[in-house]
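Order of appearance sets the numbers: ligands from 1, and atoms from 1 within every ligand. Keep in mind that the numbers below use all heavy atoms, side chains included, and drop hydrogens, waters and symmetry copies.
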Amino acid sequence: MNRAQQLEQLKGRRELWDIAIVGGGATGLGAAVDAASRGHSVVLIEQHDFAKGTSSRATKLVHGGVRYLEQGDLALVLEALRERGRLLRNAPHLTHAMPFVIPCYRWWEAPFYGLGLMLYDALAGRRGLGRTRLLSAGEVRDRLPTVRADGLQRGVLYYDGQFDDARLALALARTAVVQGATVVNYVRCGGFLKERNDIVGVRVTDVETGEEHDVRARVVLNATGVFVDALRQQDRSDVVSLVKPSQGVHLVLEREFLPGDTALLIPKTTDGRVLFAVPWNGRVIVGTTDTPVAETSLEPRALEEEIELILTNAARYLARPPTRADVRSVFAGLRPLAHRSAVAHTAALSRRHVIEVSNSGLITITGGKWTTYRQMAEDVVTRAEEWAALTPGLCVTATLPLDDDADRAIAALAAGDPALARALHPRLPYRRADVVWSVREAMARTVEDVLARRTRALFLDAQASIDVAEDVAALMAGELGWSAAQQAAQVRQYCKLAGGYLLESKGASDGAPPSLSS
Ligand SMILES: Cc1cc2nc3c(=O)[nH]c(=O)nc-3n(C[C@H](O)[C@H](O)[C@H](O)COP(=O)(O)OP(=O)(O)OC[C@H]3O[C@@H](n4cnc5c(N)ncnc54)[C@H](O)[C@@H]3O)c2cc1C
């Protein structure tokens, strides 16, 4: 994928696009794959980087949602389990099955959770990833050697899926391009083109150059996650909000807190939620919270009480309680929960997606979750076809493999140049070849794009990512022709951003950049 080429396609087209999509997260990219593979002409614009928003900040589970089972929402669980199966089949290189254990310290917990999870298996049917079963205390300790042993009675083992969210977003972008779509990052939608009262396209700005362009399309999709209301307001000033954002925070710990390949599920936190501790890329992700927030931001920050809540609940289950000093990274994301009523507590709001068509023809889709992105895309593209009277195309995404050539391409770069085969940092699982690939093949434009979403360095170890920022900027400068001043500015901006992911400097992080060495 090459940004200059994609941008030229956007600027150079004289005919109408069938579908213009605003938003390059799971929802927009999924819709681009669906629409392009049905044969429509499609352009997608993303104001920042692909998956910069919520779609790189998930717990990274491909799941039916054990919690929704408890809430009795069988239809939602069934849909997600069906999509879980499809995603694992269509992107086997980016997803895998993962065992989860619920440690039980009270007599009723094992039969209670065991029965619920057997129902989960039954709903998954032949798409099940492994059989739920009850474990003895010894078997729980075998799988989770660091779990608190005193009072442990039994456990429940079940299976779900895991994935890399930002990498999956990139695979969707690549697949969309392979299917004929044009997808461009760092292009912002600033408003709509209208004729009479109908939307006939979008006015966009290339964020890198400030150039403006008109993109004319038969139908426009608003897939901007927690930002959908801001775009809807540009269509009509009197819209009632569709989304109520809810913040979720994760802490990333060293693997020693949860060695092995099994994830831990804490079924009821002190505030009545589900909490996961999940092995991921050589670390453990612990989260998440569910805090209603009034503001939407591309860089939400963890609240002190969310950090405390996670540490307190992890300490209830782990023999060695993690402390702030053990946290390698803290990241926050905003769930775009569909606003159905005036319910104050966001955990009670819907995880389902909603589609709205405005009088002027703006089609907005929001809600849902990563796991169900494909179904969301199918639904919204069908709606767009109907609204714009496009010739309906066959939806093929249920069986369409997702394109991802990253591992092979990075290995080839490293094999061809010993300098690129060198590790970026002893605490990070990446090589210098990863940086070069990110720029050449994956449309990375900034140090942040490389360290946060092409690699996941920022999420795995914020300080280590700060330590390598200068090296990364130097490699990128060689590829992108940056001046020394541009290179220095990139490092400065990155260190300032990454400071917000360091726990110790939290609070003071928005000011001075953190030190470059740990
Ligand atoms: C803490 C947390 C944990 C989660 N865990 C899971 C999980 O384990 N499994 C799961 O299935 N789901 C999970 N989810 C849900 C899932 O991450 C989201 O449902 C999904 O990522 C939403 O994607 P989206 O594309 O709708 O929004 P986003 O990813 O936010 O994408 C919207 C994009 O629109 C862009 N945009 C906004 N305005 C404009 C504009 N004017 N012009 C151009 N672009 C614009 C933004 O920059 C952004 O990139 C989790 C969510 C959170 C918050």
Side-chain angles (χ1 to χ4, degrees), residues 20-32 44-68 80 83-84 87 95 98 160-166 168-169 172 183-192 202-205 207 215 220-234 243 245-250 263 274 276 278 280 285 287-291 293 296-300 302 306 310 331-338 346 351-354 364-374 376-377 380 453:
I21 301 170
V22 185
T27 308
L29 290 166
L44 177 146
I45 54 160
E46 162 56 48
Q47 64 177 351
H48 195 280
D49 187 25
F50 304 122
K52 163 68 179 180
T54 309
S55 296
S56 57
R57 299 154 190 275
T59 315
K60 293 122 184 46
L61 303 180
V62 197
H63 62 161
V66 175
R67 176 151 49 123
Y68 318 128
E83 291 304 320
R84 180 186 75 173
L87 185 53
T95 58
M98 171 164 265
D160 241 326
Q162 188 185 43
F163 73 122
D164 184 329
D165 47 8
L168 185 61
L172 287 173
V183 303
V184 202
N185 53 359
Y186 295 100
V187 172
R188 180 177 164 73
C189 169
F192 298 105
V202 283
R203 157 71 37 123
V204 306
T205 307
V207 175
V215 173
V220 176
L221 304 189
N222 173 8
T224 54
V226 288
F227 303 98
V228 287
D229 289 332
L231 213 59
R232 289 169 68 239
Q233 273 155 17
Q234 303 209 31
V243 155
S246 162
Q247 175 157 299
V249 163
H250 295 91
V274 168
F276 293 98
V278 190
W280 187 66
I285 300 184
T288 172
T289 51
D290 208 335
T291 313
V293 289
T296 48
S297 160
L298 271 180
E299 245 341 302
E306 294 179 292
I310 295 173
F331 63 93
L334 300 180
R335 292 179 192 86
L337 297 186
T346 50
R351 252 65 175 172
R352 283 165 193 268
H353 60 277
V354 288
T364 296
I365 175 159
T366 192
K369 51 185 184 165
W370 241 120
T371 307
T372 55
Y373 84 89
R374 195 213 61 83
M376 294 169 69
V380 77
R453 290 170 296 277

Could you list the atoms of ligand 1 found under 4.0 angstrom from a heavy atom of [X]?
X    : value
G368 : 19 (O)
G248 : 1 (C)
T288 : 1 (C)
H63  : 7 (C), 9 (N)
R57  : 1 (C), 2 (C), 3 (C)
G333 : 53 (C)
H250 : 1 (C), 3 (C)
L298 : 47 (O)

Under 3.5 Å: N/O of C189 near N/O of ligand 1: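 Min N/O separation from ligand 1 is below 3.5 Å for C189.
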Under a 3.5 Å distance rule, please check whether [X] uses its side chain to pair with a backbone N or O of [Y] as donor and acceptor.
X    : Y    : result
T296 : F227 : no
K369 : H63  : yes
K52  : F50  : no

For D165 against R57, the heavy-atom pair lying closest together: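 The pair with the smallest heavy-atom distance is OD2-N, 3.3 Å.
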Pairing residues for R453 by the salt bridge (charged side-chain N to carboxylate O under 4.0 Å, His left out) criterion, not counting sequence neighbours: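 Salt bridge (charged side-chain N to carboxylate O under 4.0 Å, His left out) check on R453 returns D49, E448, D449.
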Residues that R84 engages under side-chain hydrogen bond (donor to acceptor under 3.5 Å, both in side chains), provided they are two or more places apart: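 Expected list: D160.
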